[in-house]
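Both backbone and side-chain heavy atoms feed into the values below; hydrogens, waters and symmetry mates do not. Each chain gets a letter, A, B and so on, in the order the sequences are listed, and its residues count up from 1. These figures come from a predicted structure and were not determined experimentally.
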There are 2 protein chains.
Amino acid sequence: MRVSREQMAENRERILDTASTMFRERGFDGVGVADVMKAVGLTHGGFYGHFSSKDDLAAQALGRAFVHSNRWAAEAKSAEPEAPLQAIVSRYLSPSHRDDPGQGCPVAALGCDIARQGEASRLAATEGVRAAIAGLSAIEPGATADERRTSAIANYATLVGALVLSRMVDDAALSDEILAAAGAALQSAEA
Amino acid sequence: MRVSREQMAENRERILDTASTMFRERGFDGVGVADVMKAVGLTHGGFYGHFSSKDDLAAQALGRAFVHSNRWAAEAKSAEPEAPLQAIVSRYLSPSHRDDPGQGCPVAALGCDIARQGEASRLAATEGVRAAIAGLSAIEPGATADERRTSAIANYATLVGALVLSRMVDDAALSDEILAAAGAALQSAEA
DNA sequence: CTCTTTATATGATCATGATCATGTAAATTC
DNA sequence: GAATTTACATGATCATGATCATATAAAGAG
């Protein structure tokens, strides 16, 4: 049965948001088109009216995840204007972020998979990473713009790597230790 | 047709090594049992004489990848005893490592996927990470063992994150920049 | 050298999942 | 309000891939 134009637009948004979360939780290959549609409350048949393929969905959902992620960083930043970097670091390396990949950083959740995805997804990810680096560079201490950019990239890498390691490991104590160690190193680097 | 006991043992080794490489290159879901067997020069039928399931293979292949990876680090270390950490960092962040995931660090190649794998793979990865941290701690400067362990973990995270980001991004210049920035940050931290 | 065992090959099976075909009812259009 | 679209549902299709069943020839036991 047909639905109104705005209902359709809303459905499309829901599909994107849902897919964005599900992909981060289960990986691109762990989620089927039908799974996403079902989670949205629709059936698989209507999918190709919204997207041309699963890859198309993946790329757009990934783009959305990056937008949310970078918005999240901006919010952390403005919530504590005196220590924006500390705010981002401590939220990024929090157990709640580790335990909720579906709402978290797409790089930590899907980074290795993205490297093997099609061009559209790679491009969306590239833009997302560029934006993240720019956002971090803006709040990084350092004399020159180059210095700030270099440490922004290095800190970004540390955040991503620590989150990946902490999620990978099957030992809660080690996982917590990894988050704490990366956090400590990033704090002390702000000398 | 039957083969000798040693031939069989060698086949098993080849399956493990091949799978270890292929999984790192294409991800767990990107490689089928039949693909691995074919790459070894066998057919899919014999697979279950060697392993109880694909998951079983994945866990064992992952364990093997970690062993090789940690051995690789030890070699880099002993190749340049005056600056072991620098040796590891520069090899880890080299373009050749980035461009050859099949022979490289399993965390960077499969980290996000491992977090969603079964218990056996998670355990193998946990042991591998523990060993890597221990290895890095041993060459990390720092007054106390705690300090050395903390910076080992943070540096490990930086290496992993930088490699993941550099592989993800669809822009050669940005990819190189990420490797270089992480390398620079890790060098200057050795003050 | 014969008998038994077994590592692999060949060929199912069975489930999952992407994509397409068709129908229908509700929204738009006129 | 009738005619026309069209978003979605239902139900194929078709390929892929894990796993199992059976056959066979070569290895190892006696």
Side-chain angles (χ1 to χ4, degrees), chain A residues 1-62 110 113 116-121, chain B residues 1-62 110 113 116-121:
Chain A
M1 65 302 244
R2 199 178 176 186
V3 300
S4 72
R5 290 201 186 299
E6 43 182 335
Q7 181 59 249
M8 184 200 174
E10 188 192 313
N11 285 346
R12 185 196 153 85
E13 293 302 297
R14 300 251 318 280
I15 294 170
L16 272 174
D17 281 330
T18 304
S20 162
T21 294
M22 291 180 79
F23 282 141
R24 277 177 283 177
E25 285 172 350
R26 308 192 212 160
F28 292 116
D29 292 330
V31 180
V33 164
D35 294 329
V36 175
M37 295 301 277
K38 191 178 201 176
V40 172
L42 300 174
T43 59
H44 61 283
F47 177 78
Y48 291 89
H50 291 284
F51 303 94
S52 68
S53 67
K54 185 184 176 182
D55 272 0
D56 180 24
L57 171 69
Q60 295 196 43
L62 190 58
L110 296 166
D113 298 317
R116 304 177 210 108
Q117 286 292 115
E119 198 184 3
S121 289
Chain B
M1 65 302 243
R2 197 178 177 184
V3 300
S4 72
R5 290 199 188 300
E6 42 182 336
Q7 182 59 251
M8 184 201 176
E10 189 191 312
N11 286 344
R12 185 197 153 86
E13 293 303 297
R14 300 250 318 280
I15 294 170
L16 272 175
D17 281 330
T18 304
S20 163
T21 294
M22 291 179 80
F23 283 140
R24 276 177 283 179
E25 285 172 351
R26 308 193 213 158
F28 293 115
D29 292 331
V31 180
V33 164
D35 294 328
V36 175
M37 295 301 278
K38 190 179 204 175
V40 172
L42 300 174
T43 59
H44 63 282
F47 177 77
Y48 291 89
H50 289 285
F51 303 94
S52 68
S53 67
K54 186 184 176 182
D55 272 0
D56 180 24
L57 171 68
Q60 294 196 44
L62 190 58
L110 295 167
D113 298 318
R116 305 176 209 108
Q117 286 294 113
E119 198 185 2
S121 290

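Side-chain N or O atoms of B/R12 include none that pairs as donor or acceptor with a backbone N or O of B/M8 at under 3.5 Å. In terms of modelled atom types and a separation under 3.5 Å, the side chain of A/R26 and the main chain of A/V31 share no donor-acceptor contact.
For B/A9, there are no side chain to side chain contact (heavy atoms under 4.5 Å, CB included) partners at least two apart in sequence or on another chain. A search for salt bridge (Lys or Arg N to Asp or Glu O under 4.0 Å) contacts involving B/E25 returns nothing, not counting sequence neighbours.
Taking each heavy atom of B/S121 and B/D55 in turn, the nearest pair found is OG-O, 4.4 Å. In this structure, A/G46 and A/M37 approach most closely via the heavy-atom pair C-CE, 4.0 Å. Closest approach of B/I15 and B/V40 over heavy atoms only: CA-CG2, 3.8 Å.
Comparing B/K54 and A/L42, the nucleotide of DNA chain D nearest to each residue sits closer to the 5' end for A/L42.
Taken from CG in A/D113 to CZ in B/R116, the straight-line distance is 5.0 Å, to the nearest 0.5 Å. Annotation: the span from B/H50 atom NE2 to B/E13 atom CD amounts to 10.5 Å, rounded to 0.5 Å.
Running 5' to 3' along DNA chain D, contacts with non-hydrogen atoms of chain B at under 4.0 Å begin and end at D/dA18 to D/dG28.
Rounded to whole angstrom, the span from the NE2 atom of B/H44 across to the C1' atom of C/dT8 amounts to 11 Å. Per the geometry, CZ belonging to B/R12 stands 16 Å off C1' belonging to C/dT8, to the nearest Å. Here the C1' atom of nucleotide C/dT8 and the CG atom of B/N11 are 9 Å apart, to the nearest Å.
Among the heavy atoms of the strands lying under 4.0 Å from A/H50 are primed sugar atoms or P, OP1, OP2 only; no base atom is included.
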**Asked** Could you run down nucleotides 22-30 of chain C 5' to 3' and tag each one B, S or - for protein heavy-atom contact under 4.0 Å?
**Response** ---BBBS--
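Counting only heavy atoms from C-beta outward, the side chains of B/V36 and B/F47 never approach each other to under 4.5 Å.
For DNA chain C, the residues of residues 17-39 of chain A within the heavy-atom distance limit of 4.0 Å (strictly under) are A/V31, A/G32, A/V33, sorted by number.
For residues 3-32 of chain B, the ring-ring contact (aromatic ring centres under 6.0 Å, His included) pairs, not counting sequence neighbours, are B/F23-B/F28.
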